[in-house]
Protein chains: 2
Amino acid sequence: MPKPTFFRLAEPKRKRLIKAAYDEFSRASFQDASISNIIKDAGIPRGSFYQYFEDKSDIFFYLLDRTRTQTEDLYKQVMQAHDGDLFGMAADFFDKAVEKLLKGPHREFYANVFLYMDFHNAAHFSSMPKKTAPAQPHKKVFLDYTLDHLDRSKLKVKSDEDVAMLFRQVMWVFMQSIGYYYSRRKNGENVTTTALKARMAKMLDWLQYGVAIAEEEVHD
Amino acid sequence: MPKPTFFRLAEPKRKRLIKAAYDEFSRASFQDASISNIIKDAGIPRGSFYQYFEDKSDIFFYLLDRTRTQTEDLYKQVMQAHDGDLFGMAADFFDKAVEKLLKGPHREFYANVFLYMDFHNAAHFSSMPKKTAPAQPHKKVFLDYTLDHLDRSKLKVKSDEDVAMLFRQVMWVFMQSIGYYYSRRKNGENVTTTALKARMAKMLDWLQYGVAIAEEEVHD
DNA sequence: GCGTATAATGACAAGTTGTCACATGACATA
DNA sequence: TATGTCATGTGACAACTTGTCATTATACGC
């Protein structure tokens, strides 16, 4: 989390910093992005940066958290609209989130987020910041909300732990699809959002009904 | 790939370098590992390192590729033993691979590999190095072998593209489980390999038969 | 006008990477 | 044995990082 000083900053200065950070993290991956570039762009001295943020990680996840919070609200709405039906919700949520990520103003930022996100950081998306380990302020909203509102009656999956596993499976379908999109784009091929959604739908279908041909359907 | 000079090196020197690299990449993540430490450990001058390797990436993936090659053989054997049955093979392969990764001599190295592997690099495991883009020498062995030897008769999945997608889903179950193991371990909790295998089996079962309760099984 | 807390600042130490001009070997040939 | 040639070895160096800290500036209450 940014330090209190950051939030006390005059609006224009704060915005300039955020803009510069988005630009830098859009230009390069987290690893390759440099604080030096951010402060040069924003026109603030080096020492000031450290007055506002702990380090590069801090400002990066601050940007990511801004998205997450918004996306959490979308998630809750969609989950509610589908009465806790996991697969109906997922299809719907993915559709909406895809548009936002792939076509929104920060798409280049997300390209780097998804291309270079590792297991360790992936937790951030469905979970909470690692740094604030003691007395975590905000919990794993996506997962917690799912545990509370998922309709388990039509699923084999009953225990909270199993739901958590399934939830991660579903989220993986989403993440790896987004990753697939950006990965292809990087190689020059452009995947349409339609094709991407179809891809996600197919994987969700497999997860819902299985890839095995049901007994009575087998034809030799 | 290491430069030819590296392979012409006297055995002891080469081994010393490899050992030093394993040690450094076991100590720290790819990002945090430093060439300086490797050469200090191996006792070779800086200039020499660059005579052997392109950069940090180059030596890291060289280590990873040594594993991959061995694992490829295991994969082929297991696939053959199961007559192309995806899920039978997967359960078996995972069992064996888990032992190797989690209990083998390079387990700390793999901890960092799995904890900090991103989408962009994940391809390396089931695919080939990015750097040698023109005229790729070795193809996506895991995937190619699967496409050729998978028994599709009991699966809904028929086209090569769909098989590739399914393959990635199955591999994800494996990868995220390994990631889960190391992630927990990092937090002090130790997951037994038995529990880990059960976890993987459950996820594979979902993928095979679906998480939805079949029509005739529904009880209100 | 003064005192105090908060914020701004940039030079700095300590580290990193990749390069390059040069030294040193090794080996074939005259 | 002397010489030429080619592959290797070498470490000082430039060009970057990052995070710190002593110092200066600013604002705000009294």
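Reminder, nothing fancy here: chain letters follow the sequence lines and each chain counts from 1.
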- prompt: Residues two or more places apart in sequence or in another chain: which of them pass side-chain hydrogen bond (donor to acceptor under 3.5 Å, both in side chains) with Tyr145(A)?
  reply: none
- prompt: When the ring planes of Phe93(A) and Tyr75(A) are compared, do they come out parallel, tilted or perpendicular, using 30° and 60° as the limits?
  reply: perpendicular
- prompt: Who passes side-chain hydrogen bond (donor to acceptor under 3.5 Å, both in side chains) against Gln80(B), sequence neighbours left out?
  reply: none
message: Base contacts versus sugar-phosphate-only contacts with protein, heavy atoms under 4.0 Å: please encode nucleotides 22-28 of chain D as B, S and - from 5' to 3'.
response: -------
Glu24(A) CD to dC16(D) P, straight-line distance once rounded to whole Å: 14 Å
- request: Compute the centroid of each ring, for Tyr62(B) and then for Phe6(B), and state whether the two points are separated by less than 6.0 Å.
  value: yes
query: Taking only side-chain nitrogens and oxygens of Tyr50(B), does any of them come within less than 4.0 Å of OP1 or OP2 of dT19(C)?
result: no
query: Sequence neighbours excluded, which residues qualify as side-chain hydrogen bond (donor to acceptor under 3.5 Å, both in side chains) partners of Arg107(A)?
result: none
task: Could you list the residues that satisfy salt bridge (charged side-chain N to carboxylate O under 4.0 Å, His left out) with Lys15(B), not counting sequence neighbours?
output: Glu11(B)
query: Has Lys56(B) got its NZ or CZ under 6.0 Å from the middle of the six-membered ring of Phe30(B), at an angle within 45 degrees of the ring axis?
result: yes
Partners passing salt bridge (charged side-chain N to carboxylate O under 4.0 Å, His left out) against Lys19(A) (at least two apart in sequence or in another chain): Asp23(A)
The helix from dG1(C)-dC30(D) to dA30(C)-dT1(D): angle between end helix axes, five pairs per end, rounded to 10 degrees: 20°
query: Got a sec? Which of residues 27-39 of chain A come in under 4.0 Å of DNA chain D, heavy atoms?
result: Ser34(A), Ile35(A), Ser36(A)
message: Going by the rule salt bridge (charged side-chain N to carboxylate O under 4.0 Å, His left out), which residues pair with Lys100(A) if we only count those two or more places apart in sequence or in a different chain?
response: none
Passing candidate, side chain to side chain contact (heavy atoms under 4.5 Å, CB included) with Tyr181(A), options Val98(A), Leu101(A), Leu196(A): Leu196(A)
task: Nearest whole angstrom, please: distance from the C1' of dT19(C) to the CG of Asp55(B).
output: 14 Å
task: Heavy atoms only: give me the nearest Leu63(A)-Phe109(A) pair and the separation to one decimal.
output: CB-CZ, 3.9 Å
field: Sequence-distant partners of Asp160(A), side-chain hydrogen bond (donor to acceptor under 3.5 Å, both in side chains), two or more places apart
entry: Arg152(A)
Using a cut-off of under 3.5 Å, enumerate the N/O to N/O pairs linking the protein to nucleotides 5-9 of chain C.
{"from": "dA7(C)", "atom 1": "OP1", "to": "Arg8(A)", "atom 2": "NH1", "distance (Å)": "2.4"}
{"from": "dA7(C)", "atom 1": "OP2", "to": "Thr5(A)", "atom 2": "OG1", "distance (Å)": "3.4"}
{"from": "dA7(C)", "atom 1": "OP2", "to": "Arg8(A)", "atom 2": "NH1", "distance (Å)": "3.2"}
{"from": "dA8(C)", "atom 1": "OP1", "to": "Lys13(A)", "atom 2": "NZ", "distance (Å)": "3.2"}
{"from": "dA8(C)", "atom 1": "OP1", "to": "Tyr52(A)", "atom 2": "OH", "distance (Å)": "3.4"}
{"from": "dA8(C)", "atom 1": "OP2", "to": "Tyr52(A)", "atom 2": "OH", "distance (Å)": "2.9"}
{"from": "dA8(C)", "atom 1": "N7", "to": "Gln51(A)", "atom 2": "OE1", "distance (Å)": "3.2"}

statement: The complete set of salt bridge (Lys or Arg N to Asp or Glu O under 4.0 Å) pairs with one or both residues in residues 170-185 of chain B, sequence neighbours excluded, reads Glu108(B)-Arg185(B), Arg184(B)-Glu189(B)
